[in-house]
Amino acid sequence: MKQKIAKVAVPGPFLFPLDYLLPEVCVDAQAGMRVWVPFRNKKIVGLLMDVGEQSDYDDSKTKSVLEVIDDEAILTADSLKLLQWASHYYHEPIGEVVQAALPKRLRAGEAAQIEGVTYWQLSELGQQKSLDDIAKNALRQRELFSALQVHGKLNENQLNHRLQNWRAAAKTLAQKNWLESYPGPCLLESDYAAKPEHTLNEQQQAAVDAVVQSQIDNPSKQAGNMALVAQNYAPRFSAFLLQGITGSGKTEVYLGMIDAMVKLGKQVLVLVPEIGLTPQMIQRFEAYLQTRVAALHSGLNESERHCAWHMVRTNQVKVLLGTRSAVFAPFADLGLCIIDEEHDLSYKQQDGFRYSARDLMIQRARQQNIPVVLGSATPSLESLYNAKMQRYQHLYLTQRAAQGAKLPQLKLLDIRGESIQEGVSQSLKLTMQKHLAAGNQVLLFLNRRGFSPVLMCHECGWQASCPSCDANMTYHQTDALNDLGYLQCHHCDEQIVKPSLCPSCQSEEFVKVGQGTERLQETIESWFSDKRVLRIDRDTTRLKGSISELTEQAKSGQADILIGTQMLAKGHDFPNVTLVGLVDIDQGLFSADYRAAERMAQLVLQVAGRAGRGAKAGEVLIQTHHPDHPLLTSLVQHGYDRFAVKALAEREQACLPPYQYQVLFRAEAHNPDDAMHFLYSLKAGLENTAQQLDRGDDVEFWGPVSAPMLKRQGRFRFQLMLQATNRGALHRMLNVMQPHILKSPLARKVRWSIDVDPQEMY
DNA sequence: CCGATAAGTAGG
DNA sequence: CTACTTATCGGA
C-alpha cells in the first residue's frame, strides 16, 4: 500500500503546507494535530493541515513525519479551513498564519492537556485567625491572607495577577496549617453575581429576535419560546449590522442573543477591541448568562491563554470574549459570532500578518453557516455600504436605554479670530465654568499627549526633530517650576533630555509650540485652581491597573475636570459628565489619508457619547477653525448617518474603497534606493503579469511613492498601491507574482510586506 | 593556498 | 526565516 502524504504547515516563507510521508505507525493522524517533522537538520513542530494520497512534490527527497504530538486535533476542521483561507486571502505564508493562531505553548510542542491549576483557600484553622495574628513586617503574608479572606479561594493565575511573591508567603502559611491548596479547573472558579433583572426595550428585543429568528425554520412562531426555537433550529449564515447610538444598550442586545444561543447548547464568540475587555465586562456577562465566560486577550499569561483555548475546544465553556486573535479559537460547536465596535482599528493587525479579525470573523461565519453580528454606534463606511447592498441586515437602536438619558447636543465652536488662551477659547472656558458651578463634571478631549508637539528655538527657529524619523519630538514636562523635561519621539520612542542650549545657535530661550494634554492640564489647573483635574492618557496610565484606578476616581467624583486622549473616549461611563469639549479636531479634516474624516467622525461621536449618560442632559462643544467644512457640518447638524452618506458619495466619486479594492505593498530599507527599486521592479513584474493574464481586468497602480512619513526608525519607506473594481483580478495577479517576489535579489535587502485591504497609510 | 567573510539559495 | 553552500577577498 502506498504511504499517505502529510501536508504540514511549518514556519518559513511557504505559502502552502509542505509534504511529508506519513509512516505506518502514524495512521491515526488527523488534520489539526501537531507533528514533529525533520526540517533541514533539526526537528520542528508543524501543524498537520491535511492527509492526502499523493504528493505533488514527487521526489525521493520527501522526508517522513517523525512523531504525532497530539492524540486529538487541537484545531477543529473549521479553524483549519479559516487558516487556509486567511493564508490565501492575505497572501501570507501558512506557517505565519498558524503562528498567529496558536498559543505559544502549543507552538513549542507542549502537551495540549491542562493539568489542574492549584487553588488556595484558608483552612479551618486559618479562618479562625485574623490579620493581627500575622507579624506586621510579613507584608506578603498579610496581603495573601487578606486577599483570601475577601475572595474565599483564588487560583495561581489570579494570585499572580493580584500579588507579587506570594508563593513564599503561601508556603509559610501552609506550614502553619492556615492555608490549604487543592487542584481545580484552569478557568477561575468562583460564584456568579446574581442575575440582574433586565427587560429589553422594544428595539432591543426586535434586534435579538431578528438574529434568533434567522436561525429557525418557521420564523412566524414566537422567538422567545426556546422550546419551539430548539425544535426548528436550522443554522445558516446571515450577517447583521447592529447600529446603536452610544448608551442604547448594545451589550444587553448581545447578551440577549448569546443567552438564546447558549440555551440551545451552542457556543458564542464575542470579539472586542484591545482596551475594551475588562474584568468587569466578564463579570457582567457571567452574571447575566449564569455561565462561565472565558477571556482571551493580551493581558493573559501563557497558561491562562492555553486554558481558555482548551476550554473552548472541549466545549467546557460556551462563551469566549476575546480580542483580535480570538477569531482563530477552535470552537467545538460555534453558533454565533459578535463583533463589538466593529469599526475599531485594533481589529486590524498592523505588522507581520496583517489580517482583519472582523473580516475573518465574517468569513468564518460564512464557512460555518452561522450568524454574525457587527455592532457599533458609528459603523465603518465599509459595513454601511454592505448594509446598503443588502449583504447585511441593518438593525437600529435609536434610544438611550437608561431612563431619562438623552443624547447630547453637538455644537461647533467657531474659534476663528476668537481669543484663544493655550488652545482653549473664551466660550469653552465660560461654558466650563457654568457646568462646574452646577456641580457637574467636565471632560476635555485632546488627542495629543505630552506638553507640546514642537520645541523651537526662540532665536533661530531650530526645532527638535527625531534623528531616526521625519517627525518633531514631543516635549514632555517633568518639572514646571524649573522648566525641566525631556523630548520623546512618538514614532520610535527615542527619548533625550531637553537641551539647555539651542544646538544650532546656543541660545537659551525655547518656545513650546502647540498643545498637548500636559499643557492643557497646566492651563486648566491655573484657571480652576479650586477644582480637581485628572489627566488620563498613555503617560498617566503606564502602570498596570492604573487605567481602572483613574477611571474609578473619575466616576466616583474625585475629580471635576477630566483631560484625556482617545483612551478616555472608549467605553467608560462617567455619569456626572455633562460637558464634553473637543479642543482640537482640525487635523482630521485635511489629512492625506482619505479615511481621516471617517475616523474623525467616529471619534467625535464616541467622545460626545461620554456626555449626559446619567439623568442630566449633556452638551458637547467642538472647537474648529473650519466650521463650514461640509463633512463636519453634516455630522454635527444631521448626525452620523447623513455624514456617512456624504462620505460614501465622496468615496464613490474618487473611486476609493469600499467601491474599489486595494492592496498595498510597503517597502523600507536603510538605503532609500533599494526600497524604491524593489517596488519599481515589483510594479514592472505585476504589469507584465497583468498582460499575461489578459482577462481585461484592469488593475490600477499608484506609485511607488514615499510613505507619508518617509523616514521612520532610521528606515526609508515607500509604498505601491494596487487598486481594482474586481477583487479576483488583484488576487490572481498576486498569486502569479508572489513566487517571483521571493526570488528577487532586492527582496532580501528590503523589508517588505503585502497589506490586503489596508486601513492606514502612515 | 588557506581561512574568513559576504552573498546566494533551498527548505518537503 | 535560517542554516547551509558557494563565491570572493586579502593575508601569508
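Below, chain A is the first sequence line, B the second, and so on; all start at residue 1.
- As judged by a 4.0 angstrom heavy-atom cut-off over every strand, A:Pro11 is placed among residues making no nucleic acid contact.
- As rounded to whole Å, 19 Å separates atom C1' of B:dG12 from atom NZ of A:Lys4.
- Atom C1' of nucleotide B:dG12 and atom CD of A:Gln54 are separated by 16 Å, given to the nearest angstrom.
- A:Lys63 has a side-chain polar atom (N or O) that falls below the 4.0 Å cut-off from OP1 or OP2 of B:dG12.
- Atom CZ of A:Arg40 and atom P of B:dG12 are 7 Å apart (whole Å).
- Counting atom types as modelled, A:Arg748 pairs no side-chain N or O with a base atom of B:dA7 as donor and acceptor under 3.5 Å.
- For the pair A:Ile44 CD1 and C:dT2 P, the computed distance is 12 Å after rounding to whole Å.
- Taking every side-chain heavy atom of A:Lys42 into account, C:dT2 is the closest of C:dT2, B:dG12, B:dA10.
- Between A:Lys749 atom NZ and B:dA7 atom C1' there is a gap of 11 Å when expressed in whole angstrom units.
- Between the C1' atom of B:dG12 and the CZ atom of A:Phe39 lies a distance of 8 Å, rounded to the nearest Å.
- Spacing between atom CH2 of A:Trp752 and atom C1' of C:dC1 amounts to 12 Å, rounded to whole angstrom units.
- A salt bridge links A:Glu53 with A:Lys4: the distance from a Lys NZ or Arg NE/NH1/NH2 to an Asp or Glu carboxylate oxygen falls below 4.0 Å.
- With respect to the salt-bridge test (charged N to carboxylate O, under 4.0 angstrom), the residues A:Lys104 and A:Glu110 do not qualify.
- Contact between the side-chain N/O atoms of A:Lys61 and the OP1/OP2 oxygens of B:dG11 is found at a separation under 4.0 Å.
- Rounded to an integer number of Å, the gap from A:Phe16 CZ to B:dG12 P is 18 Å.
- Taking atom P on both B:dG12 and C:dT6, the two are 16 Å apart, rounded to the nearest angstrom.
- Cation-pi contact between A:Arg666 and A:Tyr762: present, with separation from the ring centre below 6.0 Å and deviation from the ring axis of at most 45°.
- The 12-atom threshold is not exceeded at CZ of A:Arg538, counting heavy atoms of other residues, nucleotides or ligands nearer than 6.0 Å.
- For the pair A:Lys63 (side chain) and A:Arg40 (backbone), a donor-acceptor distance under 3.5 Å is present.
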